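What follows is a set of notes on a single structure, which appears directly below.
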Amino acid sequence: MQCSPKPPSHSNWLRNRWLTGAASLAMIAAAAGCSAGTTADTSATTPASSTLTISVSNPPLSLDPAQAPNNADSTIFDDLAYEPLIILTPTGALAPGLATSWKYADSSKKIFDLTLRPGVKFSNGQPLTAAAVVASINWQKKAAGPVAVYVNNVASAQATGPLTVQLNLAQPNPVIAFLLTQRFVFGEIIAPAGSANPKTLGTTTLGAGEYMLDASHTVPNSQYVYVPNPHYYDKSAVHFKSITVKVIANAQTALSAIQSGQVAYADGAYATASAAKSDGVAVYAALEGFYGVFLLDRDGALVPALKSQLVRQALNYATDRAGIVKAIFGAYGQVNDEVSIPGYEGEGFVPSYANYYAYNPAKAKQLLAQAGYPHGFTMSIGAVSSCGNGIELAQALASDWAKVGVTVNVKTYSDINAIVAPWEGKKLPAAMCNYDAQPMFIEANQLLAPNAGIFNIFGNSNPVLNSLIAKAYAASAQGTAAVTAAWAAVEREVVVLGWEIPVATGADIYFASKSLKGIQVSPTSFVPDPVLWHY
């Protein structure tokens, strides 16, 4: 299927926060071909002589797409310099990027073909070719970075012509087109010089996006300056002569920078959203994932009580979700007991499970006693403020759980990087964070599989859940009804097992000057794309 050769300007989109939409059934269907249009705001009037200064909460872990997470902060740096094969528009549609068309080559959805845009050059002048795409994907696979869980959906890639690429998928995959967008990073293609010498990628950029890093004016961990890529194929999509990204960790400081005109865009926060609105700052928000406790030690290696399903269910019943949402999230959250969120109906989320564990301290005490812990027990929860309002949420849970006899020691960390070592080192029985929701087809491998990685760091396994996940994957090549039923069964089993303790569906919040246009968010595409912004 051929699509429009000229898309709207590209929407280049802890360690993963760490991960970061609702890949709607319409989006999955679009993977069979491609979307030739978008409703994104492309009516930019900004002269290319203008400058833009914005801020983010955290510096990039690396400027190498293979080593960068796909959280809201990191993708800002990737989006400016790297063009994806397929564009995820602000409304969640798929549009041509470096690839002008794509399709499955077989009915089992295991072979995926892409046709590349002709005449494209990377910022170093090298041409975009099928070989360059293959080399980029191979480096992403070899690097085994934070987004490895996505790139590993591709078993192998090969050039079938100068501008045609074939992906052999590890298993039937109905959402591969979605994974090749900027949201999941590995679809953002690196120039051959970078793939051949990846050590250079940590401190520079070698992409085919609208901008490239100006290393001479960049101060690592403080500010990053981007200037136009002279080889970008659509000059009308380049709206600024320079973009400066400042790192401002404190939410109140970031808001003050917006109010004083020092920056035009900043990460927002629940605590300051009301003040921002009242002061005339534009506030953008989109529900993006579940916030809650990851019960990592489900086999009881550190806290024996957590091995009991009854105990895990008791902790769920002991959580006053409605009270927490009102106190912390306000208008930007919803009560939720699931690892999926509204917008993913048919792909995991089941509305009837969203309030499965209605707040019931008496039932929690009953279950604890039944499990052999009538007087409760003690456990710790790791938390960092920049990961899902972790410290504030953990303290709220500690207060709730104390009412049923469970003592929580909240271990606080300065930032995401600081919590990584104890988390990966299996020193924490639980951690408070948030998870950017995705179709359960993707989530199952990240949250639930024995080899899921950081979100199942102890490698916990449940035979019933494993069987249900296998059946759901097998249903991928079947009809919509079979897929919906299969993933609903997985979701229910996760809820009943109590492997996680979701508290709320929360939103990503962003602040901006009202003069900055082109900022759009949705549950699917909840990170604003900086290359679409203009004055």
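Computed over heavy atoms, backbone and side chain alike; hydrogens, waters and symmetry mates excluded. What you see is a predicted model; the values in this text were computed from it and never measured.
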Practice task
With sequence neighbours excluded, tell me which residues meet side-chain contact (heavy atoms from CB on, under 4.5 Å) with Thr205.
Solution key: Ala81, Tyr82, Met212, Leu213, Tyr226

Problem - Contacts of type side-chain hydrogen bond (donor to acceptor under 3.5 Å, both in side chains), residue Thr203, not counting sequence neighbours - result: none

Handout entry: 4.5 Å side-chain heavy-atom contact, Ile442 and Leu179
Key = yes

Exercise for the section: Please check if the side chain of Ser222 supplies one atom and the backbone of Val219 the other of a donor-acceptor pair under 3.5 Å. Expected result: no

Exercise for the section: Report the residues that fulfil side-chain hydrogen bond (donor to acceptor under 3.5 Å, both in side chains) with Lys141, sequence neighbours left out, ordered by chain and then residue number. Expected result: none

For residues 126-134, run the donor-acceptor check on the side chains, cut-off 3.5 Å, and write out each pair with its distance to 0.1 Å, sequence neighbours left out.
unit_1	atom_1	unit_2	atom_2	d
Gln126	OE1	Asn124	ND2	2.8
Gln126	OE1	Ala193	N	2.9
Thr129	OG1	Ala131	N	3.4
Thr129	OG1	Ala132	N	3.1

Problem - 4.5 Å side-chain heavy-atom contact, Tyr265 and Leu516 - result: yes

Handout entry: For the student: nearest non-hydrogen atoms of Ala99 and Leu114, plus distance
Key = CB-CD2, 3.8 Å

Practice task
Report yes if some heavy atom in the side chain of Leu167 is under 4.5 Å from a heavy atom in the side chain of Ile137; otherwise report no.
Solution key: yes

Handout entry: All side-chain contact (heavy atoms from CB on, under 4.5 Å) counterparts of Asn229, not counting sequence neighbours
Key = Ser123, His231, Tyr232

Handout entry: Distance (rounded to the nearest 0.5 Å) between Thr484 OG1 and Met440 CE
Key = 12.5 Å

Problem - side-chain hydrogen bond (donor to acceptor under 3.5 Å, both in side chains) against Asp415, all qualifying residues, sequence neighbours excluded - result: none

Problem - Side-chain (Thr218) to main-chain (Asp214) donor-acceptor, under 3.5 angstrom - result: yes

Problem - Ile176 vs Val154 side-chain heavy atoms within contact, under 4.5 Å - result: yes

Completion exercise
By side-chain contact (heavy atoms from CB on, under 4.5 Å), Leu163 pairs with (sequence neighbours left out) Leu116, Pro118

Practice task
Kindly give the heavy-atom pair with the smallest separation between Gly194 and Thr200, and that separation in Å.
Solution key: CA-OG1, 4.5 Å

Completion exercise
Residues passing the ring pair (Phe, Tyr, Trp, His ring centres under 6.0 Å) test with Tyr473, sequence neighbours excluded, are Phe441, Trp487

Exercise for the section: Using modelled atom types only, decide if a donor and an acceptor are shared between the side chain of Asn173 and the backbone of Leu169 within a distance under 3.5 Å. Expected result: no

Practice task
Ignoring hydrogens and angles, tell me if any N or O in the side chain of Ser260 forms a donor-acceptor pair with the backbone of Ser256 under 3.5 Å.
Solution key: yes

Problem - CD1-CD distance between Ile54 and Gln262, expressed to the nearest 0.5 angstrom - result: 14.5 Å

Practice task
Indicate whether any N or O donor in one side chain lies under 3.5 Å from an N or O acceptor in the other, for Thr524 and Ser522.
Solution key: no

Exercise for the section: Write out all pairs satisfying side-chain hydrogen bond (donor to acceptor under 3.5 Å, both in side chains) with one or both partners inside residues 272-281, taking only residues at least two apart or from two chains. Expected result: Gln259-Asp279

Practice task
List in chain and number order the residues that pass side-chain contact (heavy atoms from CB on, under 4.5 Å) with Gln67, two or more places apart in sequence or in another chain; answer none if no residue qualifies.
Solution key: Ser62, Asp64, Trp139, Ala143

Problem - Polar side chain donor-acceptor pair, Gln166 to Gln158, under 3.5 angstrom - result: yes

Exercise for the section: Give a yes or no on whether the ring-centroid distance for Tyr510 and Tyr284 is below 6.0 angstrom. Expected result: no

Problem - Residue pair Ile243 / Tyr211, side-chain heavy-atom distance below 4.5 Å - result: yes

Practice task
Could you tell me how the ring of Phe455 sits relative to the ring of Tyr435: parallel (under 30°), tilted (30 to 60°) or perpendicular (over 60°)?
Solution key: perpendicular

Practice task
Show the numbers, then the answer: is there a side chain to side chain contact (heavy atoms under 4.5 Å, CB included) between Asn168 and Lys110?
Solution key: CA-CA 6 Å; Asn168 298 299; Lys110 288 192 67 176; over 6 Å; no

Fill in the blank from the handout: Note: Phe511 and Asp267 closest approach over all heavy atoms is CD1-O, 4.2 Å

Practice task
Identify the two heavy atoms, one from Val384 and one from Tyr413, that lie closest to each other, and give their separation to 0.1 Å.
Solution key: CG2-O, 3.4 Å

Practice task
Calculate, to the nearest 0.5 Å, the distance between atoms CG and CG belonging to Leu180 and Leu88 respectively.
Solution key: 11.5 Å

Problem - Main-chain N/O of Pro230 paired to Lys235 side chain as donor or acceptor, under 3.5 Å - result: yes

Exercise for the section: Work out which heavy atom in Gly388 is nearest to a heavy atom in Asn434; give both atom names and the distance. Expected result: N-OD1, 3.0 Å

Problem - Nearest-0.5 Å distance, CG of residue Asn152 to CG of residue Asn451 - result: 10.0 Å

Fill in the blank from the handout: By side-chain hydrogen bond (donor to acceptor under 3.5 Å, both in side chains), Ser513 pairs with (sequence neighbours left out) Ser515

Handout entry: Any donor-acceptor N/O pair, Thr181 side chain to Phe178 backbone, under 3.5 Å
Key = yes

Practice task
Would you check if there is a donor-acceptor pair between the side chains of Tyr150 and Gln438 at a distance under 3.5 Å?
Solution key: yes

Practice task
Check whether any side-chain heavy atom of Tyr332 lies under 4.5 Å from a side-chain heavy atom of Val283, and answer yes or no.
Solution key: yes

Problem - Lys517 side chain vs Lys514 backbone, donor-acceptor pair below 3.5 Å - result: yes

Problem - Heavy-atom donor-acceptor pair, Ser385 side chain to Asn389 backbone, under 3.5 Å - result: no

Handout entry: Side-chain heavy atoms of Ser50 within contact of His239, under 4.5 Å
Key = no

Completion exercise
Hits for ring pair (Phe, Tyr, Trp, His ring centres under 6.0 Å) against Phe329, two or more places apart or cross-chain, chain-then-number order -> Tyr270, Tyr291

Practice task
Would you name the heavy atoms of Ala275 and Leu255 that are closest together and state the gap between them?
Solution key: CB-CD2, 4.3 Å

Handout entry: Point-to-point distance, once rounded to the nearest 0.5 Å, from CZ of Phe77 to CG of Leu61
Key = 11.5 Å

Exercise for the section: Verify, without hydrogens or angle tests, whether Ser55 (side chain) and Ile248 (backbone) share a donor-acceptor contact under 3.5 angstrom. Expected result: no

Exercise for the section: Please round to the nearest 0.5 Å and tell me the distance separating atom OG of Ser136 and atom CZ of Phe122. Expected result: 7.0 Å

Practice task
Would you mind reporting whether Thr244 and Leu52 have side-chain heavy atoms less than 4.5 Å apart?
Solution key: no

Exercise for the section: Indicate yes or no for a side-chain donor-acceptor contact from Glu288 to the backbone of Ala286 under 3.5 Å, with no hydrogens or angles considered. Expected result: no

